[in-house]
Structures are given as structure tokens and as C-alpha cells.
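Take a look at the structure set out below.
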Amino acid sequence: MSRWILHVDMNNFYASVECMFNPALKDVPMVVGGDEQARHGIVLSKNEIAKTRYGIQTGEVLWKVRQRCPHILVVQPDMEKYLKISRMAMEIYGEYSDRVESFGLDEAWIDTTHFGKKDSVHVADALREKIRKELGVTASVGVSFNKIFAKLGSDMKKPDATTVLSEENYRNLVWPQPVSSLLFVGRATEKRLSRLGIETIGDLACYEKALLRTSLGKWGEILWSYANGLDCTPVAPKDIHDQIKSIGNSTTTPRDLRCEDDVKLVLYRLADQVAGRLRANGLCGSTICLSVRDCMLHTFERQCRVHYPTQLSGEIALAAFSLFRKNYNWQHPVRSVGIRITDFEENPNVQLDLFGCAYRRDRTIKLETTLDKIRNRFGNQILYRASMMTAPEITDIALHQEYTRTGI
Amino acid sequence: MKQIYVEVLAKHSREGEVEPLFILWEDGRRFCIDRVLDKRRRASLKVGGIGTRYTCVISGKKRYLFYEDDKWFVEGK
Ligand SMILES: [Mg+2]
């Protein structure tokens with residue numbers, strides 16, 4: 001059965017978002033650019049005027065742009081804004097499919113096989129309208145039966161257009177395009193193909209597959225299948241991009257920490273919180289990261305792997321504390337510390353230790369899970385380690401929670 | 001043309017719905033929102049910005065009121 005896949009590409013993304021927030025920017029040549037102080041500041045994105053009237057391109061160095069267009073307006077990138085709009089776009093895509101795979105902030109594939117061909121095109125048009133009205137930017141959409149052609153389609157008509165590349169028309173529309181317009185064909189591959197006399201996607205598609213393999217290896221074969229519309233990689237399901245990548249807590253204590261005991265107390269407190277959140281998400285992690293900032297505001301981060309994936313506060317605290325002892329020289333008191341866990345596994349199979357440690361671990365897991373339940377019911381402060389009472393001025397603290405997620 | 005940020009009195013329901021009731025103008029005037037005709041996510045193509053756009057009827061006239069993150073604005077001239 002034929003698949004239907006959309007590739008949505010929001011046009012001139014950074015610049016368009018800036019123009020959406022400040023429409024006056026639409027009427028002047030404007031680019032979003034990297035650090036101007038550094039001589040190597042470059043154009044990250046340009047608006048329509050900069051592009052059509054001055055031929056400014058993404059990746060150009062700013063000082064060269066200024067030679068051509070002295071009154072160009074350079075806006076510093078504001079990733080928060082772009083992330084926000086990107087997230088909203090993903091929400092919109094999610095209304096149409098549970099297979100949505102982002103590709104950078106401004107691009108995504110959406111599997112719309114369940115709509116069929118005709119309605120997939122309608123969805124593409126509906127998405128463009130929604131993006132224009134709700135997000136205030138424009139998008140180009142490619143509709144095709146594989147991801148590679150869908151991506152190519154979104155590049156063919158810009159801005160705010162839908163391009164359909166079907167089994168019936170791809171030879172006419174895709175094959176005349178230069179090979180470099182194929183996803184993953186960079187300059188190096190382009191050169192190697194050119195040496196074989198391959199300039200267009202059609203040249204590549206009609207080339208002897210075995211010969212391609214000889215000169216480019218497995219990669220040659222893959223490219224050949226792309227050119228013939230045979231790419232069959234699926235659109236990753238949405239959840240994969242929403243998975244939590246790390247969980248951490250950090251704190252700046254009311255007074256600086258002056259000795260190892262101080263640090264140990266705070267680390268236990270942090271570990272309790274982190275472990276509780278790991279258990280709440282059903283996760284175990286095998287890498288423990290410790291971050292420390294001293295009162296001179298120097299920061300360092302160290303990490304280590306533990307034996308087996310853990311969600312236990314004792315194990316996490318111990319690992320963090322030994323990282324601290326190994327790496328801190330006490331030139332200055334400590335201002336803030338943080339613990340972060342990564343490399344997650346769900347329901348890991350714990351192997352039995354030679355000396356039956358797994359049994360004791362089992363009991364600790366039960367104990368900590370019970371603590372979670374009590375804290376959930378009566379609040380975090382209802383139960384804490386007795387050691388915390390020795391220095392309430394540093395342990396009775398607000399913890400700053402951090403999550404990082406994969407994708408956006 | 002730009003956003004004019006305004007103070008708003010609103011009702012936050014148990015279900016998390018937000019319904020603006022009054023707009024408090026800078027000079028002390030207070031405008032009653034007679035009804036909300038429509039509520040949807042929109043970018044303001046006129047003055048920029050993005051949020052939940054409420055189509056309000058105020059003294060018989062239709063006006064857009066935007067709720068952007070945690071601030072309210074109307075479209076200025
Ligand atoms: Mg783009």
C-alpha cells in the first residue's frame with residue numbers, strides 16, 4: 001500500500017518569526033544574524049526583501065552583506081521565540097497524525113497515509129492556512145509517497161505553496177532536478193557523482209546500481225534508491241520526540257557551603273528529589289552528572305556511569321558525592337550544586353550481583369517507593385532524612401527543577 | 001501600529017478556561033466586554049504578536065483582545 005507523507009518547511013523561519021512579532025520588519029531588508037562583534041558573523045535567515053531585492057543568502061558573512069546593502073537591519077537571534085513557534089507548529093501537526101517527526105526547528109514530516117492521497121493534499125493546504133493564520137508565518141509543503149521526495153517537494157515552490165510528487169509525476173518533476181537537491185547529498189557526494197557523469201536525480205536513478213555500489217559503496221546504493229522513490233524509512237512516532245532526556249535538580253543555598261558535610265547534605269536532598277521524579281516517570285538512568293558553582297561563580301560539571309541503571313536516591317547521592325570529592329579542591333566555598341541523570345532505560349532488567357546485592361536493592365526500591373507515596377499524599381516536607389535536621393539553613397531549600405527533552 | 005498592553009479583569013474557571021470581563025484603560029476608564037464571539041489561537045497580522053485571540057463586543061463594537069503568554073494586548077492604531 002502506498003504511503004502519504006507531508007514535509008512542512010516554514011519559510012525563512014527565524015526572520016519570519018521576527019517579522020511576525022514586529023510587522024514593521026517586513027518593510028525593510030532584514031536578516032537574523034550571528035554575533036556581529038565577531039568578524040565571522042553570518043546570516044542565519046533573511047526576510048523576503050533581503051532575499052529578492054538584494055540576493056542575500058543564508059550563510060553569507062555579514063560584512064559582505066553590508067557592502068551590498070549598507071542599511072541592512074541585523075536582528076540578533078532569539079531562540080526562545082523560535083522554539084515557541086516551533087512547538088506550536090508541532091501541536092498543529094499533531095492534530096492530523098500521531099506520526100510527526102521534526103527535522104530542525106522549522107521542518108517536519110507528517111505521515112498522512114490514513115487520509116489517502118487526495119485528502120493528504122487537502123491536509124497540506126489546511127496546514128499552510130493554519131500556519132499562516134495562527135502562527136503568522138508561511139510554510140511550503142511537499143506531499144509524496146516517501147520522505148525524501150516529500151522533503152524535495154517542500155523545496156520546489158516557495159513561499160506558501162503545496163507541491164505533490166506522486167508515482168505518476170515524479171519522473172517528470174523530480175528527475176530533472178540537480179542531484180544536490182536530494183536530501184543528504186552534500187558537496188563531497190555531489191563531486192563524486194559528477195565524476196560518474198551524474199548531474200541530475202534522473203541520471204542517478206537510471207545509473208547501474210551495481211556500478212554505483214562499486215564507486216560509492218553502500219551509500220551509492222542508498223542514494224540510488226532515493227532517486228527511484230524507493231526510500232521506505234518511516235516517519236518516527238511523536239512520542240519519541242517528547243521523551244525525557246534528562247532529569248535534574250539544582251539549588252543555590254542560602255549560605256555558601258564550606259565543608260564536605262555541607263555538600264553531602266545538600267546532595268542527598270537533591271538526590272531525593274531527582275530519584276522521586278525518576279520514579280514518577282518510570283525511568284532509571286545510568287549516568288550521573290554533578291554540577292558545582294563556587295562563590296566566585298566558576299562552574300564545572302563532571303559525570304560518571306553507575307553499575308546498573310538506577311532510580312534510588314542513595315545510589316545517586318553516593319555517586320554525586322564521590323564525583324565531588326574527586327574533583328573539588330576547596331579553593332573557594334560552594335555556592336550552588338546540581339544533580340542530573342541521563343541515559344535512561346525503562347524497566348531495566350537488573351542483573352543479580354555475585355553477592356546477592358540485588359535482594360537488598362529490592363528492599364531499598366520498595367522503601368523509596370513507599371516514601372514517594374507518603375510524600376505525594378502529605379507533601380514533600382513530611383518525611384526527610386534525620387541528617388537534614390543538622391543544618392536546616394542549607395537543606396530547607398527551594399529546588400530548581402530541570403528537564404531536557406529530545407527533539408524540540 | 002503596535003500592541004497596546006492593557007489590564008484585564010478575567011474569570012478563570014475550574015476547567016482552566018479564561019474569560020475576559022473588563023478592560024481597564026490606562027486613564028482609569030473601564031470597558032465592559034459584553035460578549036466573546038470567538039476565541040482561537042492567532043497571530044496578530046496587524047501589530048504582531050501571537051496568542052489566544054478573543055473577538056469581543058465592547059460597547060457594540062467588535063474588537064480583538066489577545067492573551068499572549070500572561071499578558072493582554074489590543075491592536076493599536
Ligand atoms: Mg525553512
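Quantities reported herein were computed from a predicted structural model and do not represent experimental measurements. Note: hydrogens, waters and symmetry copies are ignored here, and every other heavy atom, side chains too, is used. In what follows, every chain begins at residue 1, and chains take the letters A, B, ... in the order their sequences are listed.
Across every non-hydrogen atom of Gly48(B) and Pro23(A), the tightest pair is N-CG, 3.3 Å. Leu135(A) and Ala43(B) get closest at one heavy-atom pair: C-CB, 3.7 Å.
Contacts of Ile85(A) with chain B are made by side-chain atoms alone, with heavy-atom separations under 4.5 Å and no backbone atom involved.
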So which N and O atoms of chain A and chain B form donor-acceptor pairs under 3.5 Å?
from      : atom 1 : to       : atom 2 : distance (Å)
Met20(A)  : O      : Gly49(B) : N      : 3.3
Lys84(A)  : NZ     : Asp69(B) : OD1    : 3.2
Lys84(A)  : NZ     : Asp69(B) : OD2    : 3.2
Glu91(A)  : OE1    : Arg41(B) : NH1    : 3.2
Lys133(A) : O      : Ala43(B) : N      : 3.1
Glu134(A) : O      : Ala43(B) : N      : 3.3
Glu134(A) : OE1    : Arg41(B) : NE     : 3.2
Glu134(A) : OE1    : Arg41(B) : NH2    : 3.2

